[in-house]
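First the structure, in the form of structure tokens, and then the observations on it.
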Amino acid sequence: MIRKKLRKLFQLDCSPQILAISSAVGVMIGFSPYVGFHTALAIGISFIFSLPMYPLLLGAYITNPFTMVFIYALCYKVGRWILRDDTPIDIDWTNTSLTELFEAARTILLPFFAGTHLIGLIFGVITYFVIYYIAVKYRQNT
């Protein structure tokens with residue numbers, strides 16, 4: 001199944017550069033913290049920038065129910081590392097107010113957002129070069 005989807009990706013009628021850009025942007029969307037909006041973002045970017053939708057959606061779906069926990073945990077840890085945040089997350093669930101929950105969410109969200117955007121950018125750049133290389137080789141062999 002994966003091989004079939006990749007073959008379809010490389011058979012698209014567009015240049016290797018456009019294919020690589022679309023895939024890279026899709027991966028960046030996939031790593032973004034905007035869960036639930038990945039598909040809408042991919043479709044919107046496809047229409048706005050006239051990019052092929054298929055690579056955008058494939059990249060956006062890198063974050064799925066099987067990978068989401070691992071990806072977002074990594075992104076959160078990286079976000080804490082780059083922000084040098086060692087604030088412990090301490091929630092007393094027996095005596096919690098709405099204010100305390102918002103404060104805890106704020107300490108979690110800033111590193112999470114920073115990490116998802118940085119990791120998304122890094123993996124997007126890697127994706128660009130990998131897809132470009134494979135697309136050029138695929139076109140030379142067909």
Side-chain angles (χ1 to χ4, degrees), residues 1-93 96-142:
M1 183 167 97
I2 292 174
R3 181 173 279 186
K4 184 178 176 182
K5 292 192 183 307
L6 288 175
R7 186 174 295 123
K8 181 179 176 183
L9 175 70
F10 292 113
Q11 290 174 344
L12 289 175
D13 186 26
C14 60
S15 72
Q17 184 177 14
I18 295 296
L19 190 63
I21 289 170
S22 296
S23 299
V25 171
V27 166
M28 290 182 347
I29 290 170
F31 275 92
S32 74
Y34 313 113
V35 179
F37 296 103
H38 291 164
T39 302
L41 285 169
I43 292 170
I45 288 174
S46 174
F47 283 110
I48 292 169
F49 295 105
S50 297
L51 293 172
M53 193 177 311
Y54 189 70
L56 280 161
L57 289 173
L58 277 182
Y61 293 156
I62 193 166
T63 306
N64 58 60
F66 301 110
T67 63
M68 183 179 291
V69 172
F70 304 108
I71 287 173
Y72 285 154
L74 170 70
C75 291
Y76 175 69
K77 290 230 180 241
V78 168
R80 285 187 64 156
W81 179 73
I82 62 173
L83 295 175
R84 302 184 195 283
D85 181 7
D86 57 355
T87 308
I89 301 170
D90 188 27
I91 301 173
D92 178 14
W93 291 104
T96 302
S97 69
L98 194 56
T99 306
E100 290 172 354
L101 283 177
F102 280 123
E103 185 63 34
R106 191 163 32 124
T107 61
I108 293 169
L109 288 178
L110 187 59
F112 178 68
F113 270 71
T116 54
H117 287 97
L118 177 65
I119 295 292
L121 180 64
I122 291 168
F123 276 90
V125 169
I126 291 168
T127 299
Y128 174 84
F129 288 110
V130 169
I131 296 297
Y132 182 80
Y133 176 80
I134 294 171
V136 167
K137 291 295 182 188
Y138 183 85
R139 303 258 165 97
Q140 287 174 351
N141 292 334
T142 56

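All values reported here derive from a predicted model rather than from experimental measurement.
Gly30 and His38 make their closest contact through O-CE1, 3.4 Å (heavy atoms, listed as atom of the first residue, atom of the second, distance). Nearest heavy atoms, Leu56 versus Ser22: CD2-O, 3.5 Å. Here the shortest heavy-atom pairing between Leu51 and Ser46 reads O-OG, 2.7 Å. When all heavy atoms are compared, the tightest approach of Ala20 to Ile131 is CA-CG2, 3.8 Å. In this structure, Leu9 and Pro55 approach most closely via the heavy-atom pair CD1-CB, 3.5 Å. For the pair Pro52 and Leu12, the tightest heavy-atom approach, listed with the atom from each and the gap, is CB-CD1, 4.4 Å.
Atoms CG and NZ, on Leu58 and Lys8 in that order, are 8.5 Å from each other to the nearest 0.5 Å. Here the straight-line distance linking atom CZ of Phe113 with atom NE2 of His117 works out to 6.5 Å at 0.5 Å rounding. Atom OH in Tyr138 sits 3.5 Å away from atom CD in Gln11 (nearest 0.5 Å). Separation of atoms CD1 (Ile18) and OH (Tyr132) is listed at 11.0 Å; rounding is to 0.5 Å. Atoms CZ and CD1, on Phe129 and Ile134 in that order, are 13.5 Å from each other to the nearest 0.5 Å. Going from atom CG of Leu83 over to atom OG1 of Thr107 covers 12.0 Å, rounded to the nearest 0.5 Å.
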key: Worked check of side-chain contact (heavy atoms from CB on, under 4.5 Å) between Asp85 and Leu110   = CA-CA 10 Å; Asp85 181 7; Leu110 187 59; over 6 Å; no
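Put simply, the residue from Ile62, Thr39, Thr63, Leu41 that forms a side chain to side chain contact (heavy atoms under 4.5 Å, CB included) with Ile29 is Leu41.
In this structure the side chain of Arg139 never reaches within 4.5 angstrom of the side chain of Phe10, judged on heavy atoms. Two residues are said to be in side-chain contact when any heavy atoms from C-beta on lie closer than 4.5 Å; Val35 and Tyr72 meet this criterion.
Taking the six-membered ring where the residue is Trp, Phe123 and Phe31 present parallel rings, their angle staying beneath 30° rather than reaching 60°.
Enclosure of atom OH in Tyr54 by more than 12 non-hydrogen atoms of other residues, nucleotides or ligands within 6.0 angstrom is indicated.
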